[in-house]
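Report on one structure; see the data block that follows.
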There are 2 protein chains.
Amino acid sequence: MAGPMADGDDGVCPVRDVLDRLGDAWSVLVISHLEQGPARFNALRRAIAGISQRMLAQTLRKLERDGLASRTVFPTTPPQVEYALTDLGRSFSTHLAQLAQWATHHQPAIRASRRAYDAAHLDGEE
Amino acid sequence: MAGPMADGDDGVCPVRDVLDRLGDAWSVLVISHLEQGPARFNALRRAIAGISQRMLAQTLRKLERDGLASRTVFPTTPPQVEYALTDLGRSFSTHLAQLAQWATHHQPAIRASRRAYDAAHLDGEE
DNA sequence: CCGAATCCCTAACGATACTG
DNA sequence: CAGTATCGTTAGGGATTCGG
């Protein structure tokens, strides 16, 4: 088990569910791309450099299950599957944008703190 | 490699650094507890049920390195070490609280979506 | 084209024991 | 009291292959 309140994947703690999506890099990237409009599976695959089909499928399923993204199948040949953000997903991405702004704004402070910390901890190393 | 922009732990992507702290359950819990005031190592250990000393030490080091928490050593016997949130840490916890509120507010929708999804996907199982 | 199933390997975590 | 070091286990993710 990964944490103190983990229980399968369902939320014993509702906050953790949301935070886990933020902590998942692929989920964030998929949401970011869907923010620009609906997209098909392989379009997302090409757009998100480095993602494996396994992770993309898995991520999309999680987003769909949580109601953040929708999955629409067009019964054509070959089959087309289109993914899009739901209203909930767009609400979520709003907060994601706020966090991105905060992160960008405070990045200098964080990087400075890391340099200071790393510099102060060269006692026993190398 | 864990993601498309992973490069050790230092931020190639500043957003990911912040998101990773949110995704880390222990970091969130430690910050939540420090929000109520400074605390010593073993006090945090007792307060956060289920955390191991290894994870607590590791989490505190990451928070300190990123400038979210401060570490103050009192040269007494036995030694006292007090941890507290910095201004940056308090700013961070503000956003954490907002996310918690969002999560709580939308929890019913998420849980409903999950039930619907799970119900629709009993095709081949059990 | 969309996705699931398998294999394998790494990194994360808990438990334990030890140091200042 | 406040940590670090080592060990064993396990879950997550990439590569590949097969099905609808």
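The sequence lines fix the lettering, A, B, ..., with proteins before strands; numbering per chain opens at 1.
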So do the side chains of B:F92 and B:L22 get within less than 4.5 Å of each other, counting heavy atoms only?
-> yes
To the side chain of A:V81, which of C:dC1, C:dG3, D:dG3 is closest?
-> C:dG3
Atom-to-atom span, CE of A:M55 to P of C:dA5 - whole angstrom = 14 Å
What's the CG-P distance between B:D24 and D:dG12, to the nearest Å?
-> 15 Å
Is the phosphate of D:dG3, meaning OP1 or OP2, less than 4.0 Å from a side-chain N or O of B:R61?
-> no
More than 12 foreign heavy atoms under 6.0 Å from CD of B:Q101: is that the case here?
-> no
Under 4.0 Å between a side-chain N/O of A:R45 and OP1 or OP2 of C:dG3, yes or no?
-> no
Base, sugar-phosphate, or nothing for A:Y83, non-hydrogen atoms under 4.0 angstrom?
-> sugar-phosphate
Side-chain N or O of B:R40 closer than 4.0 Å to phosphate OP1/OP2 of D:dA2 = yes
In terms of side-chain geometry, is the basic nitrogen of B:R115 or B:D118 positioned less than 4.0 Å from the acidic oxygen of its partner?
-> no
How long is the line joining CD of B:E64 and P of D:dT4, in whole Å?
-> 10 Å
Starting from P on C:dG3, measure out to CG on A:N42 and report it in whole angstrom.
-> 9 Å
Which value, rounded to the nearest 0.5 Å, describes the distance between B:R71 atom CZ and A:Y117 atom OH?
-> 8.0 Å
Nucleotide C:dG14, atom P - distance to CH2 of B:W26 in whole Å | 6 Å
Could you tell me the separation between the CD atom of B:Q58 and the P atom of D:dT6, rounded to a whole number of Å?
-> 15 Å
Between CZ of A:R114 and CD of B:E64, what distance do you get to the nearest 0.5 Å?
-> 13.0 Å
Could you give the CD-to-P distance, from A:E82 to C:dG3, as a whole number of Å?
-> 12 Å
Does D:dA5 have OP1 or OP2 sitting under 4.0 Å from an N or O in the side chain of B:R54?
-> no
Separation of C:dG14 C1' from B:Q53 CD (nearest whole Å) | 9 Å
